[in-house]
Amino acid sequence: MATISSVYNSALSGLTSYTAAISVASKNISNASVSSYSRETLTLQTNATGSVETSATKRVYDSFTVARLRTANEDKGKWDAENTTLSSIESIFSDSGSYGLSSALSAFWSSWSDLEDDPSSSSARSTLTSNAENLASTFNTLSSELDSTGSDIDTSISDAVSEINDLSSQIADYNKQIRMSTNAGQDTSDLKDSRDAALQKLAGLINIDTYSNSEGDICVQIGSGGTLVEGISSATVSSVSNATTGLQEIDLSSSTGEQDITSDVTGGSLGGYLEVRNDVIPSYEKQLDNLASTLISAVNSLHTSGYDLNGDSGLSFFTGTDAGTITVNSKITDDPSLVAASSTSGSTSNGTVASSIAALQDSLEMNNGTQTFSDYYNSLVSKLGTAVSTASSKYSQASDTLTSCQTLRDSVSAVSTDEELSNLTLYQDAYAACAKVMTALDELLKTLIDM
């Protein structure tokens, strides 16, 4: 038979237990919209004496799904960076109406054809020099904008590096706080959620691998490179310009020294930026310079073999050596009569050289004698378009994968408000019932005392 004391103890344990359960349910509900929050559970059970007891608060968490989420975030970060930067590069090579390199080349060749028809025409010569200047200027602009895009990416690299350092420092600090809270017997669920959120952001910036050390800390390694976070300490990442290539390299500085980890950075937005900056842009710059230098050589070779209106040997039509430096000879732009259209000295009606230069339009001068100038340039633009399309497709796939992984993670750790509200109502009713028992006991004791 239950005694007043046992009933009192059962009611008191019930109040204590249901207060804890209400607190957990309320916390879950208030954090339901926080994507990084892991719901918490509290097990209620009745002991041999009939009293209600609670287990320790448990964080509902699955390390496998979280690891997949990090990998997906890493891929999304990389392809987002590549898609954005490649689209920017594609816009540089875009031919719109009468603007762009294709249009400039076409106008340049047409001007030589017009001069062939009327070699002594001052109007045809002026138009030629004007179109040639436009062609050179277009080359210069493309080269300059590629350089500017590289500089913009360098800024993005520096920003990513700064954020990586901030996040790695935060993760090390969370490790420290979790150690201290664990030793003090305090709940560490919120700290672990915050650490996971920082790790997710970090994965979006750079490819990482994680492992736990003997203290239970989460440590972070960059690919097969150095360790970024070791327990409660974090290393420092920096972007350094290579003195020889001028390209950005990534260094890792820690207590053990400094090392170049550029080749280990393959994922996250930093990996995407580095790939475009160090591989893609130099490739297009090289192709553009090759196009310009071959054009300079071919046109100059024919032009210097001819004669101008004054009967003098032709000058080099173009100066410079590549896309960034190509210009029309200033003497020719100042005096278009110096354009050498004739193959014979003293003839004002001979347009043989002009014809030969115009014929370069269809000559297989590029890619080991297999492409015309236009074919070579169109191939460059086509490859760039394919690269943009691939990056866009990869980004969409990575985004879909990330969404799927988030859904999988939420199926395990996210809060169901309907379920928590139902639990909250149940716990509140149970608490009220225990409170009524306590009130009844209080009145009973008062009556006994007054008798």
Side-chain angles (χ1 to χ4, degrees), residues 95 98-144 287-378:
D95 278 290
S98 59
Y99 301 98
L101 191 58
S102 290
S103 300
L105 278 168
S106 180
F108 178 68
W109 302 129
S110 294
S111 295
W112 283 106
S113 294
D114 293 340
L115 185 62
E116 173 193 356
D117 295 336
D118 190 0
S120 63
S121 171
S122 59
S123 175
R125 288 169 175 271
S126 294
T127 299
L128 169 62
T129 56
S130 177
N131 285 335
E133 286 184 298
N134 179 58
L135 175 60
S137 176
T138 302
F139 269 116
N140 298 159
T141 299
L142 289 174
S143 179
S144 175
Q287 293 177 71
L288 191 64
D289 286 340
N290 188 31
L291 180 63
S293 63
T294 304
L295 179 71
I296 292 169
S297 177
V299 172
N300 284 351
S301 178
L302 291 171
H303 194 264
T304 54
S305 71
Y307 298 89
D308 61 26
L309 280 180
N310 304 315
D312 297 325
S313 295
L315 304 170
S316 292
F317 188 85
F318 287 116
T319 61
T321 58
D322 53 31
T325 59
I326 181 175
T327 58
V328 181
N329 192 320
S330 60
K331 292 182 179 179
I332 294 176
T333 57
D334 291 341
D335 184 5
S337 69
L338 298 181
V339 173
S342 175
S343 61
T344 59
S345 177
S347 173
T348 60
S349 60
N350 183 317
T352 303
V353 171
S355 176
S356 296
I357 294 177
L360 287 174
Q361 179 177 12
D362 300 315
S363 179
L364 301 177
E365 299 288 331
M366 301 301 301
N367 198 21
N368 297 319
T370 61
Q371 292 180 311
T372 66
F373 290 107
S374 293
D375 289 340
Y376 184 82
Y377 178 67
N378 291 336

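As the structure is a prediction and not an experimental result, all values here were calculated from the model.
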A.B. asks: About how many Å separate CG of Leu105 and CG of Leu360, when rounded to the nearest 0.5 Å?
C.D. replies: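 Reported to 0.5 Å precision, the distance equals 11.0 Å.
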A.B. asks: Output the distance between atom CG (Asn368) and atom CE (Met366), rounded to the nearest 0.5 Å.
C.D. replies: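 Rounded to the nearest 0.5 Å, the CG-CE separation comes to 9.5 Å.
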A.B. asks: Do the non-hydrogen side-chain atoms of Thr127 and Asp114 ever get within less than 4.5 Å of each other?
C.D. replies: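 No; the side chains remain at least 4.5 Å from each other.
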A.B. asks: Measuring from atom CG of Leu288 to atom CZ of Phe139, what distance do you get when rounded to the nearest 0.5 angstrom?
C.D. replies: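 Between Leu288 CG and Phe139 CZ, I get 6.0 Å after rounding to 0.5 Å.
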A.B. asks: Drop me the distance from Ser343's OG to Asn350's CG, to the nearest 0.5 angstrom.
C.D. replies: 3.5 Å
A.B. asks: Search all heavy atoms of Gly324 against all heavy atoms of Asp289 and return the closest pair with its distance.
C.D. replies: N-OD1, 4.1 Å
A.B. asks: Among residues at least two apart in sequence or on other chains, which ones pass side chain to side chain donor-acceptor pair (under 3.5 Å) with Asp335?
C.D. replies: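 Asp335 satisfies side chain to side chain donor-acceptor pair (under 3.5 Å) with Ser337 only.
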A.B. asks: Testing the basics here: between Gly306 and Ala340, what is the closest heavy-atom pair and its distance to 0.1 Å?
C.D. replies: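 Shortest heavy-atom separation between Gly306 and Ala340 comes out as C-CB, 3.7 Å.
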A.B. asks: Does some side-chain heavy atom of Thr304 sit less than 4.5 Å from a side-chain heavy atom of Ser316?
C.D. replies: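 Yes; the side chains approach each other to less than 4.5 Å.
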A.B. asks: Could you walk me through whether Leu115 and Arg125 pass the side-chain contact (heavy atoms from CB on, under 4.5 Å) check?
C.D. replies: CA-CA 7 Å; Leu115 185 62; Arg125 288 169 175 271; 3.6 Å; yes
A.B. asks: Got a sec, which residues hit side chain to side chain donor-acceptor pair (under 3.5 Å) with Ser363, two or more places apart in sequence or on another chain?
C.D. replies: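 Once residues adjacent in sequence are excluded, the partners of Ser363 under the side chain to side chain donor-acceptor pair (under 3.5 Å) criterion are Glu365.
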A.B. asks: Side chains of Leu101 and Leu291, heavy atoms from C-beta outward: is any pair under 4.5 Å?
C.D. replies: yes
A.B. asks: Measure from the side-chain N and O atoms of Ser130 to the backbone N and O of Ser126, and report whether any donor-acceptor pair falls under 3.5 Å.
C.D. replies: no
A.B. asks: More than 12 heavy atoms of other residues, nucleotides or ligands under 6.0 Å from CG of Asp334: yes or no?
C.D. replies: yes
A.B. asks: Keeping Ser106 on the side-chain end and Ser102 on the backbone end, is there a donor-acceptor pair under 3.5 Å?
C.D. replies: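 It does not hold such a pair.
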A.B. asks: In Å, rounded to the nearest 0.5 Å, how long is the span from CG of Asp322 to CG of Leu295?
C.D. replies: 12.5 Å
A.B. asks: Quick one, Thr333 with Thr129, criterion side chain to side chain donor-acceptor pair (under 3.5 Å). Give me CA distance, side-chain angles, the key distance, then yes/no.
C.D. replies: CA-CA 6 Å; Thr333 57; Thr129 56; over 6 Å; no
A.B. asks: Would you mind reporting whether Thr321 and Ile296 have side-chain heavy atoms less than 4.5 Å apart?
C.D. replies: no
A.B. asks: Side chain of Asn140, backbone of Ala323: donor and acceptor closer than 3.5 Å?
C.D. replies: yes
A.B. asks: Taking Ser345 for the side chain and Gly311 for the main chain, is one N or O donor matched with an acceptor at less than 3.5 Å?
C.D. replies: yes
A.B. asks: Give a yes or no on whether the backbone of Ser374 and the side-chain of Asn378 come within a donor-acceptor separation of less than 3.5 Å.
C.D. replies: yes
A.B. asks: Please confirm whether the backbone N or O of Ser293 pairs with a side-chain atom of Ser297, one donor and one acceptor, at under 3.5 Å?
C.D. replies: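 No: the side chain of Ser297 does not pair with the backbone of Ser293.
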A.B. asks: To the nearest 0.5 angstrom, please state how far the CD1 atom of Ile332 sits from the CG atom of Leu315.
C.D. replies: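 Rounded to the nearest 0.5 Å, the CD1-CG separation comes to 5.5 Å.
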A.B. asks: Determine yes or no for a side-chain-to-main-chain donor-acceptor pair under 3.5 angstrom, with Ser305 supplying the side chain and Leu302 the backbone.
C.D. replies: yes
A.B. asks: Could you give all pairs that pass the ring pair (Phe, Tyr, Trp, His ring centres under 6.0 Å) test and reach residues 303-354, with sequence neighbours left out?
C.D. replies: Phe108-Phe318, Trp112-Phe317, His303-Phe317
A.B. asks: Please give me the minimum heavy-atom distance between Asn329 and Lys331, naming the atom from each residue.
C.D. replies: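 For Asn329 versus Lys331, the nearest heavy atoms are OD1-N, 3.0 Å.
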